[in-house]
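One structure is given below, encoded as structure tokens.
Keep in mind the model is a prediction, meaning the values are calculated, not measured. In the text below, chain A, chain B and the rest are named by the order of the sequence lines, each starting its count at 1.
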There are 2 protein chains.
Amino acid sequence: MAEAPARRQTRQRTAVAEALEAQGEFRSAQEIYDIVRQRGDSVGLTTVYRALQAMADDGQVDVIVRGDGEAVYRQCSPSHHHHLVCRSCRSTVEIDAPDVERWAADVASQHGFRDVTHTVEVFGVCARCAD
Amino acid sequence: MAEAPARRQTRQRTAVAEALEAQGEFRSAQEIYDIVRQRGDSVGLTTVYRALQAMADDGQVDVIVRGDGEAVYRQCSPSHHHHLVCRSCRSTVEIDAPDVERWAADVASQHGFRDVTHTVEVFGVCARCAD
DNA sequence: TTCGTATTGACAATCATATTCATTTAAGGC
DNA sequence: GCCTTAAATGAATATGATTGTCAATACGAA
Ligand SMILES: [Mn+2]
Ligand SMILES: [Mn+2]
Ligand SMILES: [Zn+2]
Ligand SMILES: [Zn+2]
């Protein structure tokens, strides 16, 4: 049914992965691009976009599409989870919500929906930013 | 603390509201723009964007920012709720999830977050679209 | 090493949305 | 109804993230 994508290990993808790893928080493609260049690696912006998307497809990073439409990426633990994000400083907390997972699957199947996915993000202002 | 926005009733906003009401499903600003014009009303695209954003601010419509970054709007029941959306035909089911509401508020306050909001959307393929 | 193809990247193109700013108009007080 | 004023409008322009193109390059299997 599905073919192995067969990703190749390149200098560029390694650089993007390392930049993501060093950051910890959500960053946009443009930000990752800057970080990579500051580290001395030369990677094209287009390639940064493609690398991030590939990693997202492979589940190596989490993606959030912010309200302004910009996508932000973060290296994440491999298991499915959600995020508590500070609107001010963007710091994030990974959260587990088995109950919510179950609820999403249930409510969808009750309405006859197949192939179910979901997005759950909680936003607020973290204690530090609240002054 | 907060000033009354003092929205004015204009021909254009009425047209946008009616178009939304007639649709029922989520529509983008561009789509609403086309619908309004097909109905014979003349409204600028800029105004459609601003009207939709104002209505969203006022809680009269729900907004979802899709994966591609485009925002879609829908006239909604006034109370807070979430959606089960068909990826194929875009039909939506409004869903209530008091448990999820409570969970979101709890997990946020446990981490010291204030001013909490959340997004919860469930996606799938509806029974009709599944063939 | 060789070869096929995945990957790269400079550049142009898209396209949703924001900004500008001169003009129009709703709404409250008279 | 008339005035006044700030809100609203919209055409044009700008913005800015993301995508498409395509020739050049480099993994990695054999
Ligand atoms: Mn989940
Ligand atoms: Mn709704
Ligand atoms: Zn913060
Ligand atoms: Zn459907």
Please report the distance, rounded to the nearest Å, between [atom1] in [X] and [atom2] in [N].
| X | N | atom1 | atom2 | value |
| --- | --- | --- | --- | --- |
| D68(B) | dT14(C) | CG | P | 17 Å |
| Y49(B) | dT19(C) | OH | P | 13 Å |
| Y73(B) | dA16(C) | OH | P | 12 Å |
| L52(B) | dA16(C) | CG | P | 14 Å |
| E70(B) | dT19(D) | CD | P | 14 Å |
| I32(B) | dT17(C) | CD1 | C1' | 16 Å |
| R7(A) | dA29(D) | CZ | C1' | 18 Å |
| R37(B) | dG10(D) | CZ | C1' | 12 Å |

**Request:** Let me see the working for R87(A) and T117(B) under side-chain hydrogen bond (donor to acceptor under 3.5 Å, both in side chains), right down to the final yes or no.
**Result:** CA-CA 10 Å; R87(A) 265 193 297 270; T117(B) 62; 3.3 Å; yes

Quick one: is [X] getting a side-chain N or O under 4.0 Å of the [N] phosphate, OP1 or OP2?
| X | N | answer |
| --- | --- | --- |
| T10(A) | dC27(D) | no |
| T47(B) | dG10(D) | yes |
| Q9(A) | dT7(C) | no |
| R13(A) | dT8(C) | yes |
| Q12(B) | dG10(D) | yes |
| Q53(B) | dA18(C) | yes |

**Request:** Taking the six-membered ring for Trp and the full ring for Phe, Tyr or His, determine whether the centres of H83(A) and F26(A) are under 6.0 Å apart.
**Result:** yes

**Output field: ring centroids H82(B)/H118(A) closer than 6.0 Å** =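 Not under 6.0 Å, so no.
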
**Item:** Side-chain H-bond candidate by donor/acceptor type, D62(A) with H81(A), under 3.5 Å
**Value:**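 Yes - a donor-acceptor pair under 3.5 Å links their side chains.
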
**Request:** State whether the distance check finds a donor on one side and an acceptor on the other, under 3.5 Å, for side chain R8(B) versus base dA7(D).
**Result:**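 Counting by modelled atom types and ignoring angles, a donor-acceptor contact under 3.5 Å is found here.
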
**Message:** Taking atom types as they are modelled, would you say the side chain of R50(A) forms a donor-acceptor pair with the base of dG9(C) within the 3.5 Å cutoff?
**Reply:**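 Present.
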
**Asked** Would you call R39(B) and D41(B) a salt bridge, using N to O less than 4.0 angstrom?
**Response** no

**Asked** Out of dG9(C), dA11(D), dA26(C), which has the shortest distance to the side chain of V43(A)?
**Response** dG9(C)

**Prompt:** Taking for each residue the nucleotide of DNA chain C bearing the nearest heavy atom, is the 5' side occupied by L45(B) or by Y33(A)?
**Reply:**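 Looking at DNA chain C, the more 5' nearest nucleotide goes with Y33(A).
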
**Request:** For A29(B) and for R11(B), locate the closest nucleotide of DNA chain C by heavy-atom distance; then report the residue assigned to the nucleotide nearer the 5' terminus.
**Result:** A29(B)

